[in-house]
Amino acid sequence: MRQSQKTENKADYLRRVTLEGSEQTGARSVVSGEKRTQNGLLREKVLDRNNLNRAFVHVKRNKGAGGIDGMSVEELGPYLKENNVKLIEALRTESYEPQPVKRVEIPKPDGSKRQLGIPTVVDRVVQQALQQQLSPIFEKVFSDNSYGFRPHRSAQSAVKKVVAYYNQGYHYVVDLDLKSYFDNVNHDLLIKFVENYISEPWVLHLIRKFLTSGVMNGRFFEKSAKGTPQGGNISPLLANIYLNELDKELTRRGHKFVRYADDCNIYVKSKRAGERVLKSITQFLEKELKVEVNAEKTQVGSPLRLKFLGFSLGVGRNSAYPRPHQKPKQRIKQELTRITKRSRGVSLDRILHEIKQKMQGWIQYYSIGKMKIFLQQLDKWLRSRIRQYIWKQWKNIGTRYKALIKLGLTPKQAKIYVNTRKGYWRNAHSKTLLMTITNKRLAQRGLINLSKLYQSIQAKA
DNA sequence: CGCACGAATCT
RNA sequence: AUCAGAUUCGUGCG
Ligand SMILES: Nc1ncnc2c1ncn2[C@H]1C[C@H](O)[C@@H](COP(=O)(O)OP(=O)(O)OP(=O)(O)O)O1
Ligand SMILES: [Mg+2]
């Protein structure tokens, strides 16, 4: 009730604002917009001042590091102000040459390396401007079962789709994983797929320029004969255009599937069907789309064990539900261990704040999953962990005794307790600490209550 | 709904 | 050092 009223008010407010502010300017900009694009050239939409400016703001907002020329996003504004005419002219005449991307390696969760390709900040603006115009065009043709990198489509909704499939009796899943997907995209095929929807040579040319701009790996230049850079603004869109062909094939074959970037799950009703599908789709991907299927990682199995977008499925009385997979659970717990570990230097307030923002984000994402028990255990563990931390802190300052009295112990009791020599963990569990540093006091100090937060988020959904 | 800043998650 | 897309949440402004 309250909710709908709130949204109504907000909608009314917005309607009012738009009516008040822009009756005239709105009409004018529509006219001029049509004028600019009356010949229907995508090129002019991309190079439109407004579009380029949006692209610039977007790149600047990200605050990402610079590319091979070392220009930062702070320097970007002044540079563009100075050179925008030349830049636009170069783009229009197809004489614009994107710079090579900068090779940077970052660790993946599994320990291996991810090879980023970081374009120049200027190139990022151009890519973004192009992406902004291409995205709405391709959104119209993309599959309803594709979720990754797409506006208005969340990982959570992909997971919900999976749950729905399971509840429809599809209890086996073919989990396909592509090896270094972006790096293996075939240029010619990609351009061909783009061409099916956009015939304008200027666009195709510009995309190819970005694909073939090469890589600077340290002092060495490397050609880019295949792949779209992990770090390019249009790369995710291009990746979806590429695998849209897979979506079309899966749809043609009548499969139930969900795709998130290169993570494609096909749902079937028997293991044998799964094996058959795995074989033929692998064939299709490698022969027709020329991408590498990760033989070890891809498999047919049960959604109850599989990790998809951080979730796996659990099964209740007669229906399935999502829940956080073991891996993310372990990961977040060891993150909390790390946060509460470095005892010296950081204040308790900072630590509690750090825990709060981390866990708010985490629970927010996983809130569509079942995890009440996990969070209750985590709450308990965390409280002990913090008591331990406080105890240690008191020791450092040498005020255990005073602190205990302040929390309600008599001087005699405090004296006895202060002199005990137990491990921190046992102290944290001990009755004295539990009584003095109560849950309530921890909460007042700012320790977040995970299961409570979880319930309140669930109540809204 | 738009913008600025902060954060989390997925790929 | 470390990029990109997308989705969420929080604070503030319109
Ligand atoms: N942090 C990132 N920055 C930019 N692009 C990313 C990032 N993470 C993932 N991607 C894009 C590029 C990847 O090719 C694609 C699929 O991600 P992912 O499957 O995790 O890695 P991968 O396919 O490159 O290697 P792997 O062989 O380990 O599967 O999503
Ligand atoms: Mg992959």
Side-chain angles (χ1 to χ4, degrees), chain A residues 7 9-22 53-54 57-68 72-73 101-109 113-121 123-125 127-128 131-132 134-135 138-139 142 146-160 177-178 180-182 210 215 228-241 243 258-264 307-311 324-325 327-328 331-332 335 353-369 448 453 456-457 460-461:
Chain A
T7 47
N9 288 344
K10 203 164 196 178
D12 282 344
Y13 166 75
L14 293 167
R15 220 170 289 135
R16 204 189 68 232
V17 166
T18 43
L19 285 177
E20 275 172 3
S22 60
N53 207 271
R54 261 207 307 145
V57 168
H58 189 102
V59 169
K60 185 183 171 164
R61 174 167 59 217
N62 274 352
K63 295 175 173 167
I68 195 66
S72 67
V73 287
V101 295
K102 180 180 173 186
R103 172 67 78 239
V104 169
E105 295 198 338
I106 62 170
K108 285 190 211 174
K113 308 273 190 204
R114 157 162 280 116
Q115 310 222 310
L116 298 181
I118 305 174
T120 288
V121 286
D123 286 335
R124 292 215 291 270
V125 172
Q127 285 198 23
Q128 182 63 25
Q131 191 270 131
Q132 282 168 5
L134 294 190
S135 176
F138 284 96
E139 277 306 311
F142 283 160
S146 160
Y147 290 84
F149 309 135
R150 293 186 58 190
H152 316 302
R153 297 186 147 247
S154 63
Q156 282 107 325
S157 49
V159 171
K160 283 179 184 166
D177 187 88
L178 301 188
S180 312
Y181 171 48
F182 278 30
F210 279 122
V215 179
T228 184
Q230 301 189 37
N233 311 55
I234 29 165
S235 293
L237 176 62
L238 296 179
N240 268 339
I241 293 171
L243 282 190
V258 170
R259 185 172 70 78
Y260 194 100
D262 72 334
D263 210 340
C264 186
K307 173 169 160 295
F308 182 60
L309 305 177
F311 290 88
H325 191 267
K327 289 273 174 66
R331 231 190 353 252
I332 195 65
E335 263 293 286
H353 178 76
E354 211 172 315
I355 291 171
K356 191 178 194 168
Q357 69 181 32
K358 193 107 202 172
M359 289 314 294
Q360 271 180 340
W362 197 89
I363 290 173
Q364 168 62 32
Y365 176 75
Y366 287 104
S367 62
I368 63 159
I448 189 175
L453 174 65
S456 74
I457 290 176
K460 285 171 196 164

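Remember, predicted model here, so these are calculated numbers, not experimental data. So you know, we letter chains A, B, ... as the sequences are listed, proteins then strands, and number each from 1.
Going from atom CZ of A:Phe142 over to atom C1' of C:A6 covers 13 Å, rounded to whole Å. Computed from coordinates, the A:Lys327 NZ to B:dT9 P distance equals 16 Å when rounded to whole Å. Going from atom NZ of A:Lys358 over to atom P of B:dG6 covers 16 Å, rounded to whole Å. A:His58 has its NE2 atom 15 Å from the C1' atom of B:dC5, to the nearest Å. Taking atom CD1 of A:Ile448 as the reference point, atom P of B:dA8 lies 13 Å away to the nearest angstrom. When rounded to the nearest whole Å, the span between CZ of A:Arg61 and P of B:dA7 equals 15 Å. Per the geometry, CG belonging to A:Leu116 stands 16 Å off P belonging to B:dT11, to the nearest Å. Taking atom CG of A:Leu134 as the reference point, atom P of C:G5 lies 14 Å away to the nearest angstrom.
Annotation: the span from A:Arg331 atom CZ to A:His325 atom NE2 amounts to 10.5 Å, rounded to 0.5 Å. Interatomic distance, A:Ile68 CD1 to A:Asp123 CG, rounded to the nearest 0.5 Å: 11.5 Å. Atom CZ of A:Phe149 and atom CG of A:Leu238 lie 11.0 Å apart (nearest 0.5 Å). One finds the OH atom of A:Tyr147 at 10.5 Å from the CG atom of A:Leu309 (value rounded to the nearest 0.5 Å). Between the CZ atom of A:Arg103 and the CD atom of A:Gln115 there is a distance of 4.5 Å, given to the nearest 0.5 Å. Note that CD1 of A:Ile234 is 8.5 Å distant from CD1 of A:Ile241, once rounded to the nearest 0.5 Å.
Note on A:Ile118: only backbone sugar-phosphate atoms sit closer than 4.0 angstrom, heavy atoms only; bases stay farther off. Note on A:Val101: nothing from the nucleic acid sits closer than 4.0 angstrom, heavy atoms only. Within the nucleic acid shown, A:Tyr366 comes within 4.0 Å of sugar-phosphate atoms alone, with no base atom in reach, counting heavy atoms only. Counting non-hydrogen atoms under 4.0 angstrom, A:Lys63 reaches the backbone sugars and phosphates but no base. Using a 4.0 Å heavy-atom criterion, one finds that A:Arg153 contacts the sugar-phosphate atoms exclusively. Nucleic acid contact class of A:Leu309 (heavy atoms, under 4.0 Å, all strands): sugar-phosphate only. If you check every strand for non-hydrogen atoms under 4.0 Å, A:Gln357 touches sugar and phosphate atoms only. Using a 4.0 Å heavy-atom distance criterion, A:Arg259 is classed as making no nucleic acid contact. Using a 4.0 Å heavy-atom cutoff across all strands shown, A:Gly148 reaches no nucleic acid atom at all. Residue A:Glu335 is classed as having no contact, given no heavy-atom separation below 4.0 Å to the nucleic acid. Here A:Pro109 lies out of heavy-atom contact (under 4.0 Å) with every strand.
A residue-by-residue look at A:Lys307 and A:Gly361 shows that A:Gly361 has its nearest nucleotide of DNA chain B further toward the 5' end. Both A:Arg54 and A:Asp263 sit near DNA chain B, but only A:Arg54 has its closest nucleotide nearer the 5' end. Taking the nucleotide of RNA chain C with the nearest heavy atom to each of A:Ser135 and A:Gly117, the more 5' of the two is matched to A:Gly117. Nearest-nucleotide positions on RNA chain C place A:Gly232 closer to the 5' end than the other of A:Ser154 and A:Gly232.
Checking C:U2, B:dC10, B:dA4 against every side-chain atom of A:Arg331, the shortest atom distance belongs to B:dC10. Closest to the side chain of A:Gln364, from the set C:C3, C:C9, C:G5, is C:C9. In the set B:dC10, C:G5, C:U7, B:dC10 carries the atom at the smallest distance from any side-chain atom of A:Tyr365. The nucleotide whose nearest atom lies closest to any side-chain atom of A:Lys102 is, among C:C9, C:U2, B:dC10, C:U2. For A:Trp362, whose side chain is taken as the heavy atoms from C-beta onward, the closest listed nucleotide among C:A4, C:U2, B:dT9 is B:dT9.
Residue A:Asn240 has no polar side-chain atom (N or O) positioned under 4.0 Å from OP1 or OP2 of B:dT11. A close approach under 4.0 Å does occur between a side-chain nitrogen or oxygen of A:Arg124 and OP1 or OP2 of C:A4. Considering only side-chain N and O atoms, A:Gln360 lies nowhere under 4.0 angstrom from the phosphate OP1 or OP2 of B:dG6. A sub-4.0 Å separation between OP1 or OP2 of C:U2 and a side-chain N or O of A:Arg114 is absent. An OP1 or OP2 oxygen of B:dA7 is reached within less than 4.0 angstrom by no side-chain nitrogen or oxygen of A:Lys356. Regarding contacts with the backbone of C:G5, a side-chain N or O of A:Asn233 is found under 4.0 angstrom from either OP1 or OP2.
Nucleotides B:dA8 and C:A1, compared at atom C1', are 22 Å apart to the nearest Å.
Between A:Leu243 and A:Arg259, some side-chain heavy-atom pair lies under the 4.5 Å cut-off.
Remark: the backbone N or O of A:Asn233 is paired with a side-chain donor or acceptor of A:Gln127 at under 3.5 angstrom.
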